[in-house]
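What you see is a predicted model; the values in this text were computed from it and never measured.
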Amino acid sequence: MSFREKSAWVMTIVMTLAGVYYLHLFTKASAALGASPPPAIVIPYIILIIIASIIAQSTIAVSSPTEANAPADERERTVQHRAGNWSGMVLSVCIVTAAGHFLVYADGNMLFHLIMGAMMVAQIAEYIFQIALFRSRV
């Protein structure tokens with residue numbers, strides 16, 4: 001398994017767990033307020049992502065330092081470009097859905113959280129697409 005595939009696996013786990021944490025924060029805050037919470041609940045999520053990503057990436061980089069410092073080869077660049085393209089499509093569908101929700105309910109706080117959720121889903125999808133493409137030996 002290449003360094004970039006390991007990185008995609010680790011980041012899929014980190015982003016999924018952090019997304020679940022954000023959903024927990026959102027549901028707890030909206031239950032307490034009785035409405036959509038303000039965007040400030042994103043701060044603990046961002047801090048968690050930064051710390052977990054640094055720890056996870058450092059751990060896999062220490063296990064294979066030569067691979068970590070090597071530039072991406074042609075196959076890895078192709079995988080990253082395809083996965084990024086496909087996750088962009090996921091993001092656009094989610095954003096259009098969020099905009100439609102906003103047109104119906106006109107809740108700016110909810111629009112913020114839906115867009116955050118769209119970005120989370122798209123990022124997780126990008127890592128999953130990378131893993132699938134690495135596994136298919138594109």
Considering only distance and modelled atom types, tabulate donor-acceptor pairs under 3.5 Å from the side chains of residues 26-38, sequence neighbours left out.
from, atom 1, to, atom 2, distance (Å)
Thr27, OG1, Leu23, O, 3.1
Thr27, OG1, His24, O, 3.1
Ser30, OG, Phe26, O, 3.0
Ser30, OG, Thr27, O, 3.4
Ser36, OG, Asp107, OD2, 2.7

Looking at every non-hydrogen atom in both residues, tell me the closest pair between [X] and [Y] and how far apart they are.
| X | Y | value |
| --- | --- | --- |
| Gln130 | Ala83 | CG-CB, 3.5 Å |
| Leu114 | Ala98 | CB-CB, 3.7 Å |
| Ile41 | Leu25 | O-CD1, 3.7 Å |
| Leu133 | Arg82 | CD1-CB, 3.6 Å |

In chain order, what residues pass the side chain to side chain contact (heavy atoms under 4.5 Å, CB included) check against [X], with sequence neighbours excluded?
| X | result |
| --- | --- |
| Gln123 | Met15, Glu126, Tyr127 |
| Ala61 | Phe3, Ala68 |
| Val42 | Tyr22, Tyr45, Ile46, Phe112, Met116 |
| His81 | Arg77 |

Strictly by side chain to side chain donor-acceptor pair (under 3.5 Å), give each pair with a member in residues 85-104 just once, sequence neighbours left out. none
Between CD1 on residue Ile49 and CE on residue Met120, distance to nearest 0.5 Å: 8.0 Å
When rounded to the nearest 0.5 angstrom, what is the spacing between CG in Leu103 and CG in Leu111? 9.5 Å
The test is side chain to side chain contact (heavy atoms under 4.5 Å, CB included); show your working for Met89 and Val93 and say whether it passes. CA-CA 6 Å; Met89 291 178 203; Val93 167; 5.7 Å; no
Partners of Phe102 by ring pair (Phe, Tyr, Trp, His ring centres under 6.0 Å), sequence neighbours excluded? none
Find out if a path of hydrophobic residues (ILVMFWY) with successive side-chain heavy-atom gaps under 4.5 Å connects Ile43 to Ile51. yes
Please tell me whether Leu91 and Met110 are part of a single hydrophobic cluster in this structure, the criterion being side-chain heavy atoms less than 4.5 Å apart. yes
Check residues 6-14 and write down every donor-acceptor pair under 3.5 Å in which the side-chain atom is one partner and the other belongs to a residue at least two apart or another chain.
from, atom 1, to, atom 2, distance (Å)
Ser7, OG, Gln57, OE1, 3.2
Ser7, OG, Gln57, NE2, 2.9
Thr12, OG1, Ala8, O, 2.7

Residues at least two apart in sequence or cross-chain that pass side-chain hydrogen bond (donor to acceptor under 3.5 Å, both in side chains) with Glu76, listed by chain then number, are Arg4
